[in-house]
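Here the structure comes first, spelled out in structure tokens, and everything after it is commentary.
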Amino acid sequence: MSTESSTPQNLSTIAELSSHEGKTVLLRGWLYNLRSSGKLLFPTFRDGSGTVQGIVPKAAVSEQVFETLKNLTLESSVVVTGRVRADARAPSGFELDVEGVEVTQRIPDETPYPIQLKEAGVDFLMEHRHLWLRTPRQSAILRVRATIMRAAAEFFDTNDFIRTDPPILTPNACEGTSELFEMDYFDDGKAYLTQSGQLYIEATALALGKVYSFGPTFRAEKSKTRRHLTEFWMIEPEACYLDLDGLMSLAEGFLTHIVRRVLEAHSKDLKVIGKDVTKLEEIVAPGAFPRLSYDDAHQMLLDAHAKGLIENAHVYGDDFGSPDETYISNQFAKPVMVHRYPAEVKAFYMQPDPGDPTKALCVDVLAPEGYGEIIGGSQRVDSYDLLKSRIEAHNLPMDAFQWYLDLRKYGSVPHSGFGMGIERCVAWICGLDHVRETIPFARTLNRIYP
RNA sequence: UCCUGAGUAGCUCAAUGGCAGAGCAUUCGGCUGUUAACCGAAGGGUUGUAGGUUCGAGUCCUACCUCAGGAGCCA
């Protein structure tokens with residue numbers, strides 16, 4: 001094995017090959033697949049940016065190069081030189097006439113690469129996630145994820161939100177609902193991994209005006225579905241003097257920006273992933289996201305039940321179940337914003353609707369195509385007395401919330417914020433069956449290896 | 001926590017209660033345009049674990065383990 005400190009002049013990535021047509025380039029990659037036809041080899045190389053097929057006629061190269069490639073094992077690392085040639089037979093439009101090859105590491109015959117190109121089961125792939133990442137589809141998903149994360153941060157950065165990341169180790173539950181991961185914290189008793197940075201960014205919002213946080217969050221819920229991870233990334237904006245309508249407009253602009261950025265940069269990746277791009281183009285097409293009150297959504301579900309389209313009749317006052325959310329979102333091409341849920345089924349910190357105090361000024365954004373809730377947000381209670389009585393009513397430890405109450409004691413203002421789970425957003429935009437493919441190493445109920 | 005389903009070769013899966021099989025992968029051989037190439041050959045098994053029924057269990061019964069999908073809860 002050798003390393004090169006200087007960058008060779010003709011170094012290229014596979015993604016950039018089209019700009020080097022007719023020239024000899026140097027690729028650093030891995031052997032992705034190898035086919036042969038007697039004295040003609042077809043090695044396919046990958047380098048993280050894409051794949052390209054090499055052509056190796058026995059008569060055109062040295063015997064050493066031909067024999068090396070003929071006996072090379074899959075996923076061995078190689079440095080290849082070759083001439084870029086346009087060819088209509090190639091899926092990408094280009095092929096590489098191989099001239100030379102240097103094997104960085106040859107995988108021994110006795111220990112072949114465990115993942116084959118053919119189908120494999122979920123259990124096997126997740127056990128080999130560290131290698132599964134090398135497949136074109138998984139690489140494409142991670143590239144789209146990176147763009148979504150960049151676009152999400154960029155949206156708030158360019159709209160004058162200050163990034164203020166909250167602590168990951170917290171002394172108590174923020175909402176008192178979800179199960180938390182617990183750990184010992186020296187002699188101070190227990191600490192918990194954060195399930196949301198919301199309460200903390202309310203504090204930084206009152207310091208800086210408009211803020212956001214972006215980081216990992218943890219939920220020890222025993223949820224075992226295609227939408228749940230125990231560790232996931234959340235981006236949360238919080239802004240002073242922002243009301244519920246303003247919050248919904250913010251969420252709409254935010255999602256539109258993300259989808260636009262993905263469409264700009266990833267048509268090739270989306271094709272590899274198998275996502276129907278026209279569905280995304282509808283998101284950025286002119287027209288507002290539909291806004292649906294809880295009451296209207298309830299009526300929609302009753303109508304659907306009457307027509308036999310959903311199994312269970314929705315009970316007024318209850319939260320929506322997963323099948324309910326799927327039905328609602330399927331009625332629209334764009335994400336739908338359901339607002340003003342009954343206060344009783346929502347968190348203690350949500351501001352009551354002045355027009356109907358039994359309702360909370362909150363919004364859930366449901367992604368299209370049945371991907372469910374990707375954003376949850378609300379206007380926050382800004383009255384000290386009301387917040388205190390809510391904490392009492394929810395049987396939450398008053399001591400732990402003293403600092404949070406201080407935010408209402410000293411210069412309280414109306415303010416709102418939401419949180420978006422990055423993995424659900426990636427799953428929706430890429431059209432994936434499960435969020436486990438949206439993050440390099442998914443943490444789920446039954447799996448913490450590798 | 002509850003409901004449902006699945007565990008057989010390295011991987012994906014077959015096998016009416018009656019000889020343990022195929023494709024891919026691996027190894028060897030063939031092929032100058034293959035696109036998860038193709039053709040020929042070889043090696044490869046404690047059928048998740050423990051018990052039970054039976055002349056006979058991969059198959060039926062019981063318990064347990066593991067994984068998956070869903071419900072609830074959530075982003």
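Labels below follow one simple rule: chain letters A, B, ... track the order of the sequence lines, proteins then strands, and each chain is numbered from 1.
Remark: P of B:rC74 and OH of A:Y341 are 11 Å apart, rounded to the nearest angstrom. Across the protein-nucleic acid pair, A:H434 atom NE2 and B:rG69 atom P stand 4 Å apart, rounded to whole Å. Remark: P of B:rA75 and CD1 of A:I429 are 19 Å apart, rounded to the nearest angstrom. What separates NZ of A:K39 from P of B:rG33 is a distance of 12 Å, to the nearest Å.
Heavy-atom distances under 4.0 Å link RNA chain B to A:D319, A:G321 of residues 296-321 of chain A, given in residue order.
For A:R134, the CZ atom counts as densely surrounded, since its 6.0 Å shell holds more than 12 non-hydrogen atoms of other residues, nucleotides or ligands. For A:K271, the NZ atom is loosely surrounded, since the number of other residues' heavy atoms within 6.0 Å does not exceed 12.
We find the CZ-CG distance between A:R35 and A:L41 to be 11.5 Å, quoted to the nearest 0.5 Å.
Comparing B:rC3 with B:rU47, their C1' atoms are spaced 27 Å from each other, to the whole Å. The C1' atoms of B:rG45 and B:rA9 are separated by 6 Å, rounded to the nearest whole Å. B:rG17 sits 11 Å from B:rG58 when the C1' atoms are compared, rounded to a whole Å. B:rA22 and B:rC61 have their C1' atoms separated by 31 Å, given to the nearest Å. One P atom belongs to B:rU16, the other to B:rG21, and the distance between them is 14 Å to the nearest Å. With both ends at atom C1', the span from B:rG30 to B:rG69 equals 46 Å, rounded to whole Å. Spacing between B:rC64 and B:rU1 at atom P, rounded to whole Å, works out to 13 Å. Between B:rA15 and B:rU8, the two C1' atoms lie 10 Å apart (nearest whole Å).
Under a 3.5 Å cut-off, the side chain of A:T73 and the backbone N or O of A:S76 do not form any donor-acceptor pair. Between the side chain of A:E238 and the main chain of A:A205, no donor-acceptor pair closer than 3.5 Å is present. Looking only at distances, no side-chain donor or acceptor of A:S213 sits under 3.5 Å from a matching main-chain atom of A:P166. Side-chain N or O atoms of A:E21 include none that pairs as donor or acceptor with a backbone N or O of A:L17 at under 3.5 Å. Remark: side-chain polar atoms of A:S378 are not paired, donor with acceptor, to backbone N or O of A:C362 under 3.5 angstrom. Remark: side-chain polar atoms of A:H394 are paired, donor with acceptor, to backbone N or O of A:R390 under 3.5 angstrom.
The side chain of A:R227 sits closest to B:rC73 out of B:rU27, B:rU26, B:rC73. Nearest to the side-chain atoms of A:H228 among the listed nucleotides B:rC74, B:rU27, B:rG69 stands B:rC74. Closest contact between the side chain of A:R424 and the listed nucleotides B:rC74, B:rU34, B:rG72 involves B:rC74. Which of B:rG72, B:rG33, B:rU27 sits closest to the side chain of A:F42 comes down to B:rG33. In this structure, the nucleotide among B:rG33, B:rA75, B:rC73 sitting nearest to the side chain of A:L229 is B:rA75. Here B:rC67 is the nucleotide among B:rG72, B:rG33, B:rC67 with the atom lying nearest to any side-chain atom of A:R447. Comparing B:rG70, B:rA68, B:rA75 by their closest approach to the side chain of A:R226 singles out B:rG70.
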How does protein contact run along nucleotides 5-12 of chain B, one letter per nucleotide 5' to 3', with B for base contact, S for sugar-phosphate only, - for none, heavy atoms under 4.0 Å? -----BBS
Intra- and inter-strand pairing of RNA chain B, written as dot-bracket with Watson-Crick and G-U pairs under 3.5 Å and | for the latter, reads (((((((..((((....[..)))).(((((.......))))).....(((((..]....))))))))))))....
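Checking A:L40 against A:R436, the closest nucleotide of RNA chain B that is more toward the 5' end is the one next to A:L40. Along RNA chain B, the nucleotide nearest to A:I55 and the one nearest to A:G419 differ in position, and the one closer to the 5' end is contacted by A:I55.
Among the heavy atoms of the strands, none lies under 4.0 Å from A:R137. If you check every strand for non-hydrogen atoms under 4.0 Å, A:S322 touches a base. When heavy atoms are screened at a 4.0 angstrom cut-off, A:H128 is found touching no nucleic acid atom at all. Here A:I375 lies in heavy-atom contact (under 4.0 Å) with sugar-phosphate atoms only. Using a 4.0 Å heavy-atom distance criterion, A:D109 is classed as a sugar-phosphate-only contact. In this structure, A:E95 reaches the bases: a heavy-atom distance under 4.0 Å links it to at least one base atom across the strands shown. Across all strands shown, A:K224 has heavy atoms under 4.0 Å from base atoms, whether or not it also approaches the sugar-phosphate. Note on A:Q53: a base of the nucleic acid sits closer than 4.0 angstrom, heavy atoms only.
For a distance-only test at 3.5 Å, the side chain of A:S36 qualifies as a donor-acceptor partner of the base of B:rC31. Below the 3.5 angstrom threshold, one finds no donor paired with an acceptor across the side chain of A:S223 and the base of B:rC74.
For A:F254 and A:F156, the ring centers are positioned less than 6.0 Å apart.
Using a 4.0 Å cut-off between a side-chain N of Lys or Arg and a carboxylate O of Asp or Glu, A:D382 and A:R380 do not qualify as a salt bridge. One finds no salt bridge joining A:R226 and A:E437 here, because no Lys/Arg side-chain nitrogen approaches an Asp/Glu carboxylate oxygen to under 4.0 Å.
Remark: the A:Q299 side chain and the A:D303 side chain contain an N/O donor-acceptor pair separated by less than 3.5 Å.
Annotation: cation-pi geometry satisfied between A:K346 and A:Y341 (NZ/CZ under 6.0 angstrom from ring centroid, within 45° of ring axis).
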side-chain contact (heavy atoms from CB on, under 4.5 Å) between A:L40 and A:K58, intermediate numbers included: CA-CA 6 Å; A:L40 185 59; A:K58 190 169 170 56; over 6 Å; no
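Between A:N446 and B:rU66 there is no side-chain polar atom (N or O) within less than 4.0 angstrom of OP1 or OP2.
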